[in-house]
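Reckoned from all heavy atoms, side chains included, excluding hydrogens, waters and symmetry mates. A note on names: the letters A, B, ... follow the listed sequences, proteins ahead of strands, and every chain is numbered from 1.
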Amino acid sequence: MSERLPQGFFAEDPTVVAPRLLGKLVVHRRRAARIVEVEAYRGVGDPASHAARGPTPRNATMFGPPGRWYVYFTYGMHWCANLVCGPEGEAGAVLLRAAAPVRGVAAMRAARATARRDVELCQGPARLCVALGIDGSLDGTDAVSGRAVVVDDGVAGPEQPVTTPRIGISRGTDLLWRWTVPDDPHLSRRR
DNA sequence: ACCGGGATGTTCT
DNA sequence: GAACATCCCGGTG
């Protein structure tokens, strides 16, 4: 059975929370997917973070309390989903980059008509949002007890997650702040 | 398989 | 204007 995450799960630094999210389930609209790939973004001080230059209207949620969804719009057409982590005001977050479909697969296929194989349904941060029906209306909502939640269903994450540089960024590329389940077929591809 | 380019709009220089 | 935590499609090998 799925259990709510303990209070304080998201209170630690995003680089600590990120690997712990591997193996957890994202649940929304009767669909569920197991997280296999994440990236940590620190707030001010991380040049790749949306919060690097302080608060703006877009990143306001990042500066709020941990455990909430930060959902942003990019490239004129894509939503991406993060979990706010760390002390309030530090604007840390973990980006969900890929997941393995677990429940509601038919609904995911309907939402992701261009996916040719089920392995592609949540393979990438924007694809994951489409498959699960996540959009900007979720921004700022509670990820422990709200409409969309992250839960622990008792399946252990990897003992030794793989760490790599983050994908799709032009600054902070030296930091190994991407964590993946080793050799999982649902990982996003490029580099 | 790999690559290049277009889509589309918000944010920032 | 340019960049952007992306994806899709159509070219070529």
Side-chain angles (χ1 to χ4, degrees), chain A residues 10 13-19 21-22 26 33 35-64 66 68-86 90-101 108-140 143 148 150 161-181 183-191:
Chain A
F10 296 105
D13 189 274
T15 60
V16 172
V17 177
L21 281 166
L22 298 176
V26 196
I35 299 166
V36 299
E37 174 179 344
V38 294
E39 287 176 355
Y41 288 85
R42 278 194 181 140
V44 179
D46 175 1
S49 171
H50 288 172
R53 282 173 252 246
T56 66
R58 175 171 75 159
N59 66 23
T61 301
M62 298 182 80
F63 287 86
R68 297 199 180 165
W69 291 101
Y70 166 53
V71 182
Y72 69 89
F73 190 62
T74 192
Y75 290 104
M77 63 188 92
H78 298 303
W79 295 103
C80 294
N82 298 252
L83 297 151
V84 178
C85 296
E90 292 196 6
V94 174
L95 171 69
L96 301 184
R97 284 199 56 91
M108 295 188 196
R109 291 189 192 118
R112 293 255 309 115
T114 58
R116 305 178 87 70
R117 302 161 21 241
D118 285 353
V119 77
E120 299 172 356
L121 288 172
C122 306
Q123 194 174 61
R127 291 168 167 184
L128 182 154
C129 285
V130 172
L132 287 166
I134 290 172
D135 63 24
S137 70
L138 221 55
D139 183 56
V150 178
V162 171
T163 62
T164 77
R166 295 172 290 183
I167 291 181
I169 56 170
S170 57
R171 297 181 299 265
T173 52
D174 52 320
L175 301 168
L176 301 180
W177 283 358
R178 173 176 176 255
W179 285 264
T180 69
V181 175
D183 300 317
D184 194 286
H186 305 89
L187 299 182
S188 70
R189 286 299 166 204
R190 55 179 122 180
R191 191 56 283 246

* To do: Please determine, for the side chain of Arg58(A), which listed nucleotide (dT8(B), dT11(B), dT6(C)) has the closest atom?
  => dT11(B)
* Asked: Does Thr114(A) place a side-chain N or O at less than 4.0 Å from the phosphate oxygens OP1/OP2 of dC8(C)?
  -> yes
* Can a donor-acceptor pair under 3.5 Å be found between the side-chain atoms of Tyr72(A) and the base atoms of dA5(C)? -> yes
* **Touch class at under 4.0 angstrom, heavy-atom based, for Leu95(A) against every strand present** => base
* Return yes if some donor-acceptor pair links the side-chain N/O of Asn59(A) with the main-chain N/O of Gly54(A) below 3.5 Å, else return no. => yes
* Asked: Is there a side-chain polar atom (N or O) of His50(A) under 4.0 Å from OP1 or OP2 of dA5(C)?
  -> yes
* Base, sugar-phosphate, or nothing: which does Ala126(A) touch, judged by heavy atoms less than 4.0 Å apart? -> sugar-phosphate
* Provide the distance between the two P atoms, one in dG5(B) and one in dA3(C), to the nearest whole Å. => 15 Å
* To do: Check whether any side-chain nitrogen or oxygen of Arg112(A) sits under 4.0 Å from OP1 or OP2 of dC8(C), and answer yes or no.
  => yes
* Nucleotide nearest Tyr41(A) when distance is taken to its side chain, options dC12(B), dA5(C), dT10(B) -> dA5(C)
* Passes side-chain contact (heavy atoms from CB on, under 4.5 Å), Val94(A) versus Phe10(A)? Steps please. -> CA-CA 10 Å; Val94(A) 174; Phe10(A) 296 105; over 6 Å; no
* Asked: CZ of Arg53(A) versus C1' of dC4(C): gap in Å, rounded?
  -> 12 Å
* Asked: How far apart are the closest heavy atoms of Ala111(A) and Val130(A), and which atoms are they?
  -> O-CG1, 3.3 Å
* Asked: Between Tyr75(A) and dG9(B), do the rings stack, that is, sit under 5.5 Å apart with planes less than 30° off each other?
  -> no
* Please state how far atom CH2 in Trp79(A) lies from atom P in dT10(B), giving the value in whole angstrom units. => 9 Å
* Separation of Phe73(A) atom CZ from dC7(C) atom P, in whole Å? -> 13 Å
* OP1 or OP2 of dA3(C) sitting under 4.0 Å from any side-chain N/O of Arg171(A)? -> no
* Using a strict cut-off of less than 4.0 Å between a Lys/Arg side-chain nitrogen and an Asp/Glu carboxylate oxygen, indicate whether Glu37(A) and Arg178(A) qualify as a salt bridge. => yes
* How many Å lie between CD on Glu37(A) and C1' on dT6(C), as a whole number? -> 13 Å
* Is the side chain of Arg127(A) donor-acceptor paired with the backbone N or O of Gln123(A) at a distance under 3.5 Å, no angle test? -> yes
* Would you kindly compare Pro125(A) and Ser170(A) by the position of their nearest DNA chain C nucleotide and give the one closer to the 5′ end? => Ser170(A)
* Asked: Can you check the Asn82(A) CG to dA5(C) P distance for me, whole Å?
  -> 11 Å
* Of Ala93(A) and Arg127(A), whose closest DNA chain C nucleotide lies nearer the 5' terminus? -> Ala93(A)
* Asked: Roughly how far apart are Tyr72(A) OH and Cys129(A) SG, rounded to 0.5 Å?
  -> 8.5 Å
* Which base sits across from dC3(B) as a Watson-Crick or G-U pair, both distances under 3.5 Å? -> dG10(C)
* Round to a whole Å and report the spacing from CZ of Arg42(A) to C1' of dA5(C). => 17 Å
* What's the CZ-C1' distance between Arg97(A) and dC7(C), to the nearest Å? -> 12 Å
* Asked: What is the distance, rounded to the nearest whole Å, between atom CZ of Arg178(A) and atom P of dT6(C)?
  -> 11 Å
